[in-house]
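This report concerns only the one structure given below.
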Amino acid sequence: MTDHSAPSAHTSVPKIAIIGGGLTGLFTATLLERELAKRQESKVQITIFEKSRSVGRLATRYRTDEKTGNNWQWGFGAQCFTVKTDRFKQFIRPWLDNRLLQPWLAQVVHLTLANEDEQTPQIEPKEQWDTKHARYISTPKMTSWGRALADELQHTRIAFKTRVAPLHKAHFVEENSADSKTELFDEEGNSLGGFDWVICTAPNAQALELMADSGFTRQADITKPKMQACYTLMLGWDEVPQLPAIFTSQASVRWDVAYVNNSPLDRIFIEHQKPAHSALLPSVTIHARNDWSETHVDEDIETIKAQLLTAAKQALNWSAQTAPTQIDCHRWRYAATIVDDNKSLGILVDQRHQWIVSGDWCGHGNIESCYKIAAETVRAITEGM
């Protein structure tokens with residue numbers, strides 16, 4: 001279980017602050033605890049500061065039907081993740097063994113919108129996700145893994161609903177001081193404590209603001225990765241018979257995921273066909289294209305929802321009788337990392353201040369990048385210990 005008690009004042013073990021309780025922050029805390037346990041350092045002092053009331057960026061939204069008590073559920077953040085390295089596969093093994101993480105062997109198609117000559121959208125098989133190149137999901141919700149990671153931390157305190165104020169040069173104490181090197185404050189000016197290492201895992205636009213006046217030696221590098229937004233449309237139906245024919249046995253091809261051509265929409269995911277989701281009411285999550293989302297990122301959310309709903313109707317070809325009864329829309333401002341020439345940035349380390357700026361955007365913006373960046377951060381901290 002997560003230790004929410006305050007850390008003791010004196011210890012030879014570095015006191016470490018992690019700004020951000022997303023997967024990068026949780027992976028970093030987990031790997032730090034494991035590495036220091038190997039060194040028989042039992043008094044680990046790690047604090048995660050998370051501005052929201054929960055952890056993990058694998059966001060899930062759901063609604064409960066009053067009549068049936070069943071849920072519509074949408075994974076409106078990351079839908080799934082791949083595992084391409086042996087180290088990451090070994091890391092996730094415990095959650096595969098207890099079935100919290102499960103492979104998603106989806107049937108994937110291309111979906112082309114109807115035009116003047118075609119009355120219905122065209123569906124063509126693209127691929128079948130298999131066990132060799134599996135995608136994985138967290139069950140029963142995409143948030144479940146983040147919560148499990150937090151609960152399994154033994155020596156980490158998580159401070160929820162805590163916004164860390166931007167760092168300033170005055171907050172840094174020179175190395176020959178007996179005190180910890182950096183004092184953090186919340187937005188009201190209250191001290192959050194002193195720390196030997198500060199790790200910022202926020203999106204790069206937020207990291208840029210947090211470190212702007214701090215004297216961080218790698219400040220200019222924070223702006224190198226470019227981030228794009230993503231709008232997500234969430235649709236639900238009261239029962240399977242009300243679904244448009246494109247989802248049902250009447251469709252020419254059974255599918256779970258559709259890549260959409262020539263549309264503001266990018267991909268469509270059928271939630272109730274995922275592993276361990278059969279009890280859900282019919283739920284469909286639709287991600288808009290990142291370039292389209294970025295172009296419209298500051299527009300009114302209701303206007304965006306109406307535009308995406310029009311595009312979804314054209315893609316899924318519903319009628320008045322088969323229209324969704326549940327409609328919602330979410331905007332992620334920092335959803336996708338654009339990596340030039342397939343080269344990732346890597347973590348940004350300021351050795352003098354012992355500050356690290358990390359996050360999935362320092363890699364390729366995916367969940368395995370969260371793990372790689374966390375492992376890189378732990379090496380940077382522990383190599384000199």
Side-chain angles (χ1 to χ4, degrees), residues 59-80 102 104-115 118-129 135 137 139-142 230-289 304-330:
T60 304
R61 185 168 294 175
Y62 66 92
R63 292 177 183 164
T64 302
D65 179 48
E66 294 181 357
K67 295 181 180 178
T68 66
N70 292 332
N71 289 332
W72 295 275
Q73 183 172 297
W74 303 275
F76 68 100
Q79 277 284 322
C80 57
Q102 296 188 33
W104 183 19
L105 309 181
Q107 179 64 53
V108 186
V109 299
H110 285 294
L111 191 155
T112 303
L113 304 187
N115 55 36
E118 300 286 347
Q119 296 300 313
T120 59
Q122 298 300 302
I123 297 177
E124 297 180 357
K126 179 180 184 292
E127 62 189 6
Q128 172 80 45
W129 291 346
R135 275 71 168 174
I137 66 169
T139 62
K141 303 175 184 178
M142 285 301 283
C230 182
Y231 284 102
T232 301
L233 185 68
M234 292 159 272
L235 306 177
W237 285 260
D238 293 338
E239 54 184 356
V240 170
Q242 292 183 354
L243 284 168
I246 197 169
F247 292 123
T248 67
S249 58
Q250 302 173 45
S252 58
V253 178
R254 183 199 177 277
W255 58 278
D256 304 289
V257 178
Y259 285 72
V260 186
N261 299 323
N262 303 321
S263 171
L265 310 181
D266 182 26
R267 282 170 288 175
I268 302 173
F269 306 91
I270 304 178
E271 297 282 355
H272 56 281
Q273 293 178 184
K274 290 179 179 179
H277 284 130
S278 59
L280 293 180
L281 294 171
S283 312
V284 174
T285 301
I286 303 176
H287 286 175
R289 293 198 332 259
I304 293 296
K305 181 166 70 172
Q307 293 177 13
L308 293 179
L309 197 60
T310 297
K313 182 178 181 180
Q314 187 179 9
L316 302 178
N317 201 35
W318 65 66
S319 65
Q321 291 72 35
T322 59
T325 57
Q326 304 292 319
I327 301 170
D328 203 352
C329 186
H330 182 84

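- Considering every non-hydrogen atom in both Cys80 and Arg135, the closest pair reads SG-CG, 3.6 Å.
- Of all heavy-atom pairs between Ser283 and Trp74, the closest is CB-NE1, 3.8 Å.
- Distance CD/Glu271 to CG/Leu280: 7.5 Å, rounded to 0.5 Å.
- Ser263 approaches Leu113 most closely through the heavy-atom pair CB-CD1, 3.7 Å.
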If you apply the rule side chain to side chain contact (heavy atoms under 4.5 Å, CB included), what do you find for Val240 with Phe247, and how did you get there? CA-CA 9 Å; Val240 170; Phe247 292 123; over 6 Å; no
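- Within 6.0 Å of atom OH in Tyr62, 12 or fewer heavy atoms from other residues, nucleotides or ligands are found, so the atom counts as exposed in its surroundings.
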Dump the intermediate steps for side chain to side chain contact (heavy atoms under 4.5 Å, CB included) on Ile304 and Leu233, then the final yes or no. CA-CA 9 Å; Ile304 293 296; Leu233 185 68; over 6 Å; no
Apply side chain to side chain contact (heavy atoms under 4.5 Å, CB included) to Ile286 and Leu308, showing your working. CA-CA 9 Å; Ile286 303 176; Leu308 293 179; over 6 Å; no
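- In terms of heavy atoms, Met142 sits closest to Ala78 at CE-O, 3.3 Å.
- With respect to Asp238 and Lys67, no salt bridge is recorded, no charged nitrogen being found less than 4.0 Å from a carboxylate O.
- Although no hydrogens or angles enter the test, the distance criterion places no donor-acceptor pair under 3.5 Å between the side chain of Gln326 and the main chain of Arg63.
- Nearest heavy atoms, Met234 versus Phe76: SD-CB, 3.6 Å.
- Crowding of Glu239 atom CD: a count of heavy atoms from other residues, nucleotides or ligands under 6.0 Å exceeding 12.
- When only modelled atom types and interatomic distance are considered, Gln79 and Lys274 share a side-chain donor-acceptor pair under 3.5 Å.
- Residues Ala315 and Ile268 approach most closely at CB-CD1, 4.4 Å, considering heavy atoms.
- When each of Thr325, Ile270, Leu243 is paired with Pro282, the side-chain contact (heavy atoms from CB on, under 4.5 Å) condition holds for Leu243 and for no other.
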Test side chain to side chain contact (heavy atoms under 4.5 Å, CB included) on Asp328 and Thr232 and set out the steps. CA-CA 8 Å; Asp328 203 352; Thr232 301; over 6 Å; no
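- More than 12 heavy atoms of other residues, nucleotides or ligands sit less than 6.0 Å from atom NZ of Lys305.
- With contacts defined as side-chain heavy-atom distances shorter than 4.5 Å, the pair Leu281/His272 does not qualify.
- A perpendicular orientation is assigned to the rings of Trp104 and Trp129, their planes being inclined by more than 60° (bins at 30° and 60°).
- To the nearest 0.5 Å, atoms CD (Gln242) and OG1 (Thr248) are separated by 13.0 Å.
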